[in-house]
Structures are given as C-alpha cells and as structure tokens.
Amino acid sequence: MSDIARQLKAIREELPQGVVLVAVSKTKSEAAIMEAYGAGQRVFGENKVQELVAKHETLPGDIEWHMIGHLQRNKVKYLIGFVSLIHGVDSLRLLQEIDKRARGAGRVVDCLLQVHIAEEETKFGFDAPELLAHLEEGTFDAFKNVRIRGLMGMATFTDDTERVRREFRSLKTLYDRLQETWPGVDILSMGMSGDYPIAVEEGSTMVRIGSSIFGARNQA
Ligand SMILES: *Cc1c(COP(=O)(O)O)cnc(C)c1O
C-alpha cells in the first residue's frame, strides 16, 4: 500500500461515522490524487481556481471538487459549472455573484458561509453578530440558486489547544443557531491536519485534511 493510501485509511478509521473527509490536494500532483482515488477517496479540496479547473478537466468525472480557499468574484464563472461545494463564502457580494452565475448555469450550488473565529486578525469571513443579523433580516432569502448548507471556519494556528477548542466551540454554537433558523443546514466544516481531532470532538461534520494524507507541501 502506498503512503497516501495508508495515511488515508488511518484517518478514515479514526473519524466517526458521518464525518466527511475532504482530501486537500492543493499543490499535489495528479498522480498523488490518483493514489488517493485508487484508495476510494472521491472528495477533494483545492484553494486555487485555476488549479481546481485544470484538475477537474483531467481527472475522473466522479470526483467531487470542493473550493476551500478564498474565492474572488471574477473567478466564480470558471468553477460554477462543476463545483460540488464552495466552503469559503465570506461576503454577501460573493454570494450574490455565485447566485447569479449559478442561475446562468442552471444550477443550485451548495455553499458554506465562512465565519471568522480565530482570535488572530484576518480579512476573510463573516463575524458572528453580522451573520446573525443577516439571518434575522432574511438577507439570504434572496438567493435562489445557492443552497446554504452550513458554516466553515479555521481556528488560530497555535499549540494552545484550549484556544483552538474555544474557537471551534464558538463556531458550533453559531452553527446550531443557523440550523434552527435555516432549512437544510447539515455541514459544519472545521478541522485540518493539525487540529481535526479537536474539531471532531467539538461537532465538526466535515474535515479538510491535506498534509496528513499527502505529506508536507513545498512552500511556494
Ligand atoms: C490547505 C488547507 C487545508 C488543509 O491543510 P493541512 O494542514 O494540510 O491539512 C484546510 N483548509 C483550508 C482552507 C486550506 O487552505
């Protein structure tokens, strides 16, 4: 068995039933992806549109491609025809563009709203009060060609596991609120190689794992 197949198997065995594993294949070769595919993996995540499109075009058609990175509005059109789930919807303007392009493509596209949970500064993601206000005001009712399936978040990159746990817990609380108010919410995307065991303990239903499957990435 290859390293990739072995690592994939070990992680799958560790994950509780019902937690979906997204194999994050960014920067990895098609050969590496095909090793994971050969071991039964069908859900892959990429964070760059160009790379996602190129891999979609050459790799098997039954792969579900997830866009996990920051998505620029002017690039939505390139992935709208085939993407299975967009994890990083971090603004209303992006949601609007996805809705418009999805309508043009005759699709209803599954999306996760990205929430800013890390204590460290980042420009991406809704914050919790903002999201609750949008729900209250029915802002999302307007989008008929997107299906909001849940939330995605990234914890602070730190050894302080209590802090990571606190951040995941805050996202889970918000997810529970969303589930009460919005129909069809069933995905909480949290957890990466370094923190997925904590994320799963805190209620994650989808983990995005790259380096623990494929090995470390070379820095660009
Ligand atoms: C790269 C990436 C991952 C996977 O990271 P690993 O630490 O390699 O598991 C997960 N989520 C997002 C949004 C990423 O960009």
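Whatever order the structure lists ligands and atoms in, that order sets their numbers, starting from 1. Residues take their numbers from the sequence shown, with the count starting at 1.
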*asked:* Can you classify the ring geometry of F140 versus F126 as parallel (below 30°), tilted (30 to 60°) or perpendicular (above 60°)?
replied: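 Plane angle over 60°, so perpendicular.
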For a distance cut-off of 3.5 Å, show me each N or O of ligand 1 paired with any protein N or O, plus the separation.
unit_1, atom_1, unit_2, atom_2, d
ligand 1, 8 (O), S211, N, 2.8
ligand 1, 8 (O), S211, OG, 2.9
ligand 1, 8 (O), R217, NH1, 2.8
ligand 1, 8 (O), R217, NH2, 3.1
ligand 1, 9 (O), S193, N, 3.0
ligand 1, 9 (O), S193, OG, 2.5
ligand 1, 9 (O), G210, N, 2.8
ligand 1, 11 (N), R208, NE, 2.9
ligand 1, 15 (O), K26, NZ, 2.7

_For D90, all residues meeting salt bridge (Lys or Arg N to Asp or Glu O under 4.0 Å), sequence neighbours excluded_ =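 Applying salt bridge (Lys or Arg N to Asp or Glu O under 4.0 Å) to D90 gives none.
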_Partners meeting salt bridge (Lys or Arg N to Asp or Glu O under 4.0 Å) with E130 (sequence neighbours left out)_ = none
_Reference residue W65; test side-chain contact (heavy atoms from CB on, under 4.5 Å); the match among L79, V43, L85, L59_ = L59
*asked:* Per the ring-ring contact (aromatic ring centres under 6.0 Å, His included) rule, what does the pair list look like for residues 84-121, sequence neighbours excluded?
replied: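 Checked against ring-ring contact (aromatic ring centres under 6.0 Å, His included) - neighbours excluded - the pairs reaching residues 84-121 are H66-H87.
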*Does a donor on one side chain sit under 3.5 Å from an acceptor on the other, for Y175 and D186?*
no
